[in-house]
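The structure presented is a predicted model; accordingly, all values stated were derived computationally and were not measured. Letters A, B, ... mirror the listed sequences (proteins, then strands); counts begin at 1.
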Protein chains: 2
Amino acid sequence: MELNERKRKILNTIINEYISTAEPIGSRHIAKHADLGLSSATIRNEMADLEEMGYLEQPHTSAGRIPSDKGYRFYVNELMGGYEATQQDIDLLASAMTVKINQFDKVIKQVSMLLSRLTNYTAFLITPEMKHGAIKTIELIPIDNSSVLIVLVTNEGIMRNKRVVLPQGVDSEYIPKISAMLKEKLSGFSLDEIGVKEINEIKNALGENGELLFPVIEFISEIIDDIQKETEVYLSGVSNIFNFPEYRDIDRAKEFIEFLDDKNSVTKAISNSQEDDDRVINIKIGKENDMDIMQNSSLVTANYHLGGRSVGKIGIIGPTRMNYSKVVANINQISKYLEKLLEEMYFDNNGE
Amino acid sequence: MELNERKRKILNTIINEYISTAEPIGSRHIAKHADLGLSSATIRNEMADLEEMGYLEQPHTSAGRIPSDKGYRFYVNELMGGYEATQQDIDLLASAMTVKINQFDKVIKQVSMLLSRLTNYTAFLITPEMKHGAIKTIELIPIDNSSVLIVLVTNEGIMRNKRVVLPQGVDSEYIPKISAMLKEKLSGFSLDEIGVKEINEIKNALGENGELLFPVIEFISEIIDDIQKETEVYLSGVSNIFNFPEYRDIDRAKEFIEFLDDKNSVTKAISNSQEDDDRVINIKIGKENDMDIMQNSSLVTANYHLGGRSVGKIGIIGPTRMNYSKVVANINQISKYLEKLLEEMYFDNNGE
DNA sequence: TATTAGCACTCAAGAGTAACGAGTGCTAAC
DNA sequence: GTTAGCACTCGTTACTCTTGAGTGCTAATA
């Protein structure tokens, strides 16, 4: 069966209406609102076709139709129009733009907060992974006799730090020495290149009596491994989901909150989205998500960039009945805004 | 009216039963289970008295009684017995004890996670405020030409760091100089002591051409101010609240999640608990909380200590119908466990 | 041949009703 | 002071009935 122009129009109307009302849409409603000059009976026939083709579903016989995941997918790919920003959106963004932020953590919070307020969904932001960059700085700062702060900076401007307790028996007077050594030996290496060979080289360079420090070197290389893998997830507007009838059911809501509670599963769900084209917004609708718990939710993510390179992800989570065009537009705006803030942070005074 | 032994026993039984069943407790139930050798009619009279005295409430005429906030308060102060750890509790703690943690952030996560798993409520942990300690280290680490990492360590072992963008026009080659200067001039000062005087001293010490750096000094002193005030809140087990019938109502649940969503309000609610005796567990029941949104919830907090000094807070949030004795016992265990982990972190290899 | 009017049918949601039962307060007897 | 007894209250549950939105199918129409 062919998906002709008329069917597309009807499908489009149904999805648009359903997105804004959350009520199954009946044929009479379409006949009245879609301005097709057709009777409800004709539309009924078309709707039956669309259902047969898999774009629509019927919750029960005497209800109207709702879009299936396939329906949403087609809508997102082919039908959905551009989103016209409301005055409220514009005001919100404009007032955000006026704020000058000079603290990195505040940038993150501001941006995820803004995205959740714009979209009314739950927004997230994932900090960059470190693995790609080359080490620019590695530094150990003594905190007390047993613990140090390890600071790692890559040439991409990504910084991570971690407070750790050193293995027993390390005299704190060696810390500066170790720090300098690490810096010298590891600078320029990509994080995923650091292997046994490089570590051994450091060990050798420690010279006589250096063996005492071997455990520290081992230890630090493990921590670097850890740091490399870690990313942080910031959530904002978690309670927004309660605004949607989809989550008025307490068990659905519980499931969702449980999912968000576990940052690991969130990271996993988000990183599953393929990176084919990292400039494009990635949309996963319902069952397109691998995780069980996401089968009734959609995920819209974008990679944000810095110096031409994708460094982290930003996006929103919500019900499959989502205002995709608005969300896509908002994420575009916000990721640009984020990139602008980051540019300022990283390159503003630089000749780079 | 006197709160005699019999009334106390009845009240105690009602509260214990209500805590475990969440159902209003009737006189017949007490007659059967409390082993008082009294008929339900007598108990009925006593319950009417207890209600008159304000310890009990009746949801409606034909229901049993439930404890009022005053009832819980009396229970917590006078009636509640010690909690006997279950095998499950013991196993959970024991397995946690075997894990050796050497990363500070993991300690925090582990502890709050453990507390929420033990209690089945939502647990939180607030990191120490910095204001009391004296500055031991202050260091600026260049990240790129425009941003630096500011690291602050107090003599109490509390560390905070923040990545910031420096004001325009600061050449990065001055960073080490500024860093050394700050360290020299500010070491030993308590954070809340740093005022205009100290800042001016640094400015003067910059010598000729130092004026160019004045904005940076000003800027950094503002950031220090910020750092001083900030604490972080870690939540764990947010979805636990869905296990309680109190929050089966979607609007109550929404309210609760909204509250937790806003870290500021959480911090505020928690820091409101007075610090009269910082060794004692602080319990705020229902209306004893200042915040509107907490009127139907209870907050149990403890200060955790390091080197004899209270440094942060740990605790749980849940419905007023809470298993107080279990929660108190668990928080005690966990704050000891946390202190042990922190001791290891801070003082293990030290002569301190 | 495509469209439409008409109609019987389905089914969720809401309103109304009745029965149930847990629990109470009060009274009178012990 | 305690208790048995009883009328009363009121939330909960189950059931029935009605309503109405929406459907699919058929036959008439353009």
Side-chain angles (χ1 to χ4, degrees), chain A residues 1-11 13-15 17-18 20-53 55-68 71 245-246 248-249, chain B residues 1-11 13-15 17-18 20-68 71 245-246 248-250:
Chain A
M1 205 178 319
E2 195 208 356
L3 198 59
N4 58 25
E5 192 52 31
R6 195 167 76 182
K7 283 197 174 61
R8 293 167 64 108
K9 254 193 186 145
I10 291 172
L11 182 57
T13 312
I14 291 174
I15 297 184
E17 289 289 310
Y18 184 64
S20 66
T21 64
E23 299 287 338
I25 309 297
S27 54
R28 217 175 102 84
H29 185 98
I30 299 295
K32 279 192 177 167
H33 292 79
D35 205 28
L36 290 162
L38 292 172
S39 75
S40 64
T42 310
I43 293 177
R44 220 144 44 231
N45 290 326
E46 295 287 46
M47 282 166 80
D49 288 352
L50 284 167
E51 183 174 352
E52 205 184 316
M53 295 163 83
Y55 296 105
L56 294 177
E57 285 169 359
Q58 219 174 355
H60 54 86
T61 10
S62 73
R65 302 302 207 292
I66 61 173
S68 65
E246 281 81 346
R248 296 301 293 184
D249 174 60
Chain B
M1 206 179 314
E2 196 209 354
L3 197 58
N4 58 25
E5 192 52 31
R6 196 167 77 182
K7 283 197 172 62
R8 291 167 66 110
K9 254 192 186 146
I10 292 173
L11 182 57
T13 311
I14 291 175
I15 298 184
E17 290 288 308
Y18 184 64
S20 65
T21 64
E23 298 289 339
I25 309 297
S27 54
R28 219 174 99 86
H29 186 96
I30 301 295
K32 278 192 178 167
H33 293 79
D35 206 27
L36 289 162
L38 292 171
S39 75
S40 65
T42 309
I43 294 178
R44 217 140 50 228
N45 290 328
E46 295 287 45
M47 283 165 81
D49 289 350
L50 285 166
E51 183 174 353
E52 206 182 316
M53 294 162 84
Y55 296 106
L56 294 178
E57 284 170 359
Q58 221 175 353
H60 53 86
T61 12
S62 73
R65 302 302 206 294
I66 61 172
S68 65
E246 281 81 346
R248 297 300 294 184
D249 174 59
I250 202 92

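In this structure, the separation between CZ on B/Arg6 and OG1 on B/Thr42 is 6.5 Å, given to the nearest 0.5 Å. Note that CD1 of A/Ile14 and CD1 of A/Ile66 are 11.0 Å apart. Values are rounded to the nearest 0.5 Å. The OG1 atom of A/Thr13 sits 6.0 Å away from atom CG of A/Leu36, with the distance rounded to the nearest 0.5 Å.
For A/Lys7, the salt bridge (charged side-chain N to carboxylate O under 4.0 Å, His left out) partners two or more places apart in sequence, or in a different chain, are A/Glu46, A/Asp49.
The stretch residues 28-44 of chain B touches DNA chain C through B/Arg44, each having a heavy atom under 4.0 angstrom from the strand. Interface residues of residues 45-63 of chain B facing DNA chain D, ordered by number: B/Asn45, B/His60, B/Thr61, B/Ser62; criterion, heavy-atom separation under 4.0 Å.
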Check residues 20-34 of chain A and write down every donor-acceptor pair under 3.5 Å in which the side-chain atom is one partner and the other belongs to a residue at least two apart or another chain.
residue : atom : partner : partner atom : Å
A/Ser20 : OG   : A/Glu17 : O            : 3.2
A/Thr21 : OG1  : A/Glu17 : O            : 2.9
A/Thr21 : OG1  : A/Glu23 : N            : 3.2
A/Ser27 : OG   : A/Arg44 : NH1          : 3.2
A/His29 : NE2  : A/Glu17 : OE1          : 2.7
A/His33 : ND1  : A/His29 : O            : 2.9

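In this structure, the side chains of B/Arg8 and B/Glu5 come closer than 4.5 Å at one or more pairs of heavy atoms.
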>> Walk me through whether A/Leu50 and A/Leu3 qualify under side-chain contact (heavy atoms from CB on, under 4.5 Å).
In response: CA-CA 8 Å; A/Leu50 284 167; A/Leu3 198 59; 3.6 Å; yes
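Between A/Pro67 and A/Leu56, the closest heavy-atom pair is CA-CD2, 4.0 Å. The nearest pair of heavy atoms linking B/Gln58 to B/Glu51 is OE1-OE1, 3.5 Å.
Within the structure, ring-ring contact (aromatic ring centres under 6.0 Å, His included) pairs that include any residue of residues 44-67 of chain B comprise B/Tyr55-B/Phe74 (at least two apart or interchain).
Once you apply a 4.0 Å limit to the heavy atoms of chain A, the touched nucleotides of DNA chain C run 5' to 3' over C/dT3 to C/dA12.
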